[in-house]
Amino acid sequence: MNENPLNDGLRLEPTPGPTTFVIFGASGDLTKRKLLPAIYRLSKRGRLPAQFAVIGISRSEIDDDAFRTQFRESLAEFAGPDSWDDVAKSLASRMYYVSAETDDPEVYRQLKARLEQINGAEGVLFYLAIPPSVYGVVIEHLGTSGLSRPGERGWRRVIVEKPFGTDLASARALNQLAHQHFDEEQVYRIDHYLGKETVQNLLVFRFGNGMFEPVWNRRYIDHVQITAAETVGVEHRASYYEGAGALRDMVQNHLMQVLSLVAMEPPIAFTAESVRDRKMDALLAVQPLVEDKQNGGRPVLSNVVRAQYRAGWVNGSEVPGYLSEKGVSKQSKTETYVAGRVQLDNWRWAGVPFYLRTGKRLPKRTTEISIQFRRPPLEIFRRASQTSVAPDLLIVNVQPDEGISLRFEAKLPGTRMQIAPVMMNFRYGTTFGGEVPEAYETLLLDAMLGDTTLFARHDFVEASWALITPVIERWSGLGDDVPTYEAGEWGPPEADELVGRDGRRWRTL
Amino acid sequence: MTTATAIEAREVPFSEIATAMVDVCPRAGAMRALVATVVAVGPPDRLDLATDTLQILGDAGTVRSIVISEGDEAAPSARVAGNTVALKGLKPQYVNNAVAALRLSSLPTLVWWRGGRPETLDELADLADRIVLDEDEPETSWRRAVKLFEATAFSDLRWARLTQWRALMAHFFDIPEVRSAATQFSRLRIRGGDHVSAELFAAWLTSSISFGAGFHVEIERGDEGAPIQSIHLLDQDQELMLRTGAGRTCIETAVSVRGHRSVSRIVALADRTPVDALTEELMIRARDLAFERTIQALVAD
């Protein structure tokens, strides 16, 4: 019996075969906040295989029991106070720990022995929840130790957290190194935005319905706005964020992924390669963000705005400015806000601007895609109605309240002709019942099942860096001060001007 | 899961149901997307649970709930409360007409069959997108359903409650050594408070896997409160085990087969109220071929 006949017609989605989940960076923040709670929730919902184990690896000198205690604490903080139940205890009994420096070859020999001991070395999913500076070291050791290659049965996969490189050259180098030891199908470059239901639903909305795709083009759409706003500041991530900034942290990965899903052509099938090919096409159509024109001998950067938050008031509290945050240099020029105007050179989108913005310490935590349609060609109600006709809007809410809203015009009841906008809302959280899985649950399960659809391919990552890197280089060559915005406001005036130049405005959020 | 809330109710003639639904629908709150109509049909004494369950589903705002008890009335009054409509004592031959008039247009209709005149099941099969059977003695309806599989999708509430048990058994067979050992198992032992659920599980397993000659099934009566308490698939020295843990909030699983080291774990036993089971049924839009195969095996015995 080669296939499992009991999976035929099973109502639950498929469950991976025997798997060991190996976390590099097991005592880190991501592991505690996201990975361990996600594994627990998957286990609770019966989505993990009967044969499943976790091996944590990090520098902390702790043993299996201490790692299990860390698991318990992680659940208490991030999965709810009642989460230390029989399921968690059972899972904990299958958690192991290896204390090690990731550049020590002995670690990988130990790991190999432990994998043999635990599950006969069948499916192994490595997760690099470690600083990007050591990705290369771990990938190299996984390769040279033979851990990247499965035995007669089973599989080996590696999930790499963002950022995948810090610019085009480093991303290329990392891809080359990864491909020396892993096939592309084994490498899962994670972007947790792609694990969100609404982002996936964008594909269904566009390609599972006949009525939206015909208007999804330059003829009917005036422009697109993609917003990823956070209320939090840099928090405990200053050491990482100082070297990254909003452009690397958000635009290169999350916003480019979302943009490509909005702009892509229909794939020929819902397969990983077909979807990723079409996303890649969309990204390749994006015009360079740094223009060919020169201004005083320097290339013009009129389509991108950066800024840094200063002290202000967010979520009912006074908050310090970025330069006063712990771990941030007083002279820092790191941007905490980016707005950009992106144009795609293809038949579908020629002349339709995509405005992107992301920032920290903004008034509201929200991520959304807003599609603004063109106004009717003739305003026949202009004389009859005191109110003007607002353009129709389709809003895809990515977080926190996942769903889709449609704003259109309606007549106000009464004898007079008055027009007002109304909003129809579809919300994932309430419409279908049941729980909406966390993005990390979806993505970890997909990686265990070998589905790469929601992960970034090497060429997409490089194409995205190819767009972003000239902006970084241009900024680093400037001695100018970084514009600022008050914490709790929607970015700097320069961002409004960026959109205003085209006679448009940012959507009110 | 949402709980029932106090919503204004109104008794109206059938012809005024649509108007009443607009009037008593809660005005506060954002409009929600509707996904389906859920209709519970059965004799009056079997609809109390259905009424409470559908009221909860209706209050969630995304389904229209209709409860129809069979009786002698040709023109019973209707009770409208929010998204829920209750018709008491309708003549069975008009049940399909009532459903045709009250269901949401262009959205799926799920019928929760709590029993009643057998011909009504045939008539509803032409209208419904899915029929979920739910009777104490289901064999008659199962036999009828087999002839209606081409007309609509069928399921059974007991079947929905078995999903997790089936999934956990399936997980064992993801292990290659377990698949290799499949033909060596000689005995399936199921203990539980509901003989019908045990029969369903056994029929599913034996119709999915070709066990060797002499394979036999033992069903032991267990506690009334737990439809299934334990499932053992056995050979002399090999065993796949599923059993409820203390407090029946979890399921302990263990696998012990030759050539593979023993593995055990605990997973949560998901709450399976009627609301949960119907919510699961609403998420499934295709024919349940595993259920059809299982019922065909059962009625053929």
Side-chain angles (χ1 to χ4, degrees), chain A residues 1-19 40-53 85-94 117-120 122-123 152-154 401 403-405 422-435, chain B residues 1-2 30-35 57 60-63 159-160 163-164 166-176 178-180 182-183 204-205 208-210 245-247 249-253 255 260-261 263-268 270 275-276 278-280 282-284 288-293:
Chain A
M1 197 186 295
N2 292 326
E3 297 293 323
N4 180 353
L6 300 187
N7 284 334
D8 181 22
L10 205 60
R11 292 176 161 202
L12 298 175
E13 295 129 88
T15 303
T19 301
Y40 163 72
R41 280 190 288 266
L42 286 171
S43 180
K44 181 121 183 151
R45 293 194 285 115
R47 301 302 312 279
L48 294 179
Q51 193 180 337
F52 180 82
D85 53 16
D86 288 340
V87 175
K89 288 171 192 163
S90 167
L91 191 55
S93 71
R94 287 169 287 136
Q117 185 191 356
I118 291 171
N119 81 346
E122 289 192 22
E152 280 184 18
R153 67 184 196 201
D401 191 11
I404 293 173
S405 302
V422 291
M423 193 78 91
M424 288 202 309
N425 297 315
F426 154 67
R427 291 285 170 270
Y428 257 101
T430 52
T431 300
F432 293 114
E435 282 180 47
Chain B
M1 184 47 72
T2 316
M31 193 177 86
R32 288 172 174 170
L34 293 163
V35 296
L57 281 177
T62 58
V63 299
W159 179 250
T163 299
Q164 194 178 15
R166 292 195 300 125
L168 291 172
M169 181 58 77
H171 291 178
F172 288 140
F173 282 80
D174 284 331
I175 300 170
V178 173
R179 291 202 296 277
S180 302
T183 53
W204 165 69
L205 191 63
S208 303
I209 293 176
S210 302
T249 57
C250 60
I251 301 176
E252 298 169 21
T253 85
V255 53
H260 188 267
R261 67 187 209 87
V263 178
S264 63
R265 65 167 172 162
I266 295 174
V267 298
V275 173
D276 297 315
L278 282 180
T279 300
E280 178 179 310
L282 281 168
M283 301 289 264
I284 301 161
D288 190 335
L289 299 179
F291 175 72
E292 292 181 9
R293 192 175 61 235

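Chain letters run A, B, ... following the sequence lines, proteins first, then strands; residues in each count from 1.
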Side-chain heavy-atom pair A/Met423, A/Ser405 within 4.5 angstrom cut-off:
yes
Step by step, work out the side-chain contact (heavy atoms from CB on, under 4.5 Å) result for B/Val267 and B/Leu168.
CA-CA 9 Å; B/Val267 298; B/Leu168 291 172; 3.6 Å; yes
By side chain to side chain donor-acceptor pair (under 3.5 Å), which residues pair with A/Ser43, not counting sequence neighbours?
none
Quick one: list whatever passes side chain to side chain donor-acceptor pair (under 3.5 Å) with B/Arg166, sequence neighbours left out.
none
Heaviest contributor of heavy-atom pairs below 4.5 Å to chain A, chosen from B/Leu289, B/Ile284, B/Thr253, is B/Ile284
Would you mind telling me which of A/Arg427, A/Lys89, A/Arg94 has the largest number of heavy-atom pairs within less than 4.5 Å of chain B?
A/Arg94
Winner by heavy-atom pair count (cut-off under 4.5 Å) against chain A, out of B/Val255, B/Ile266, B/Leu282
B/Ile266
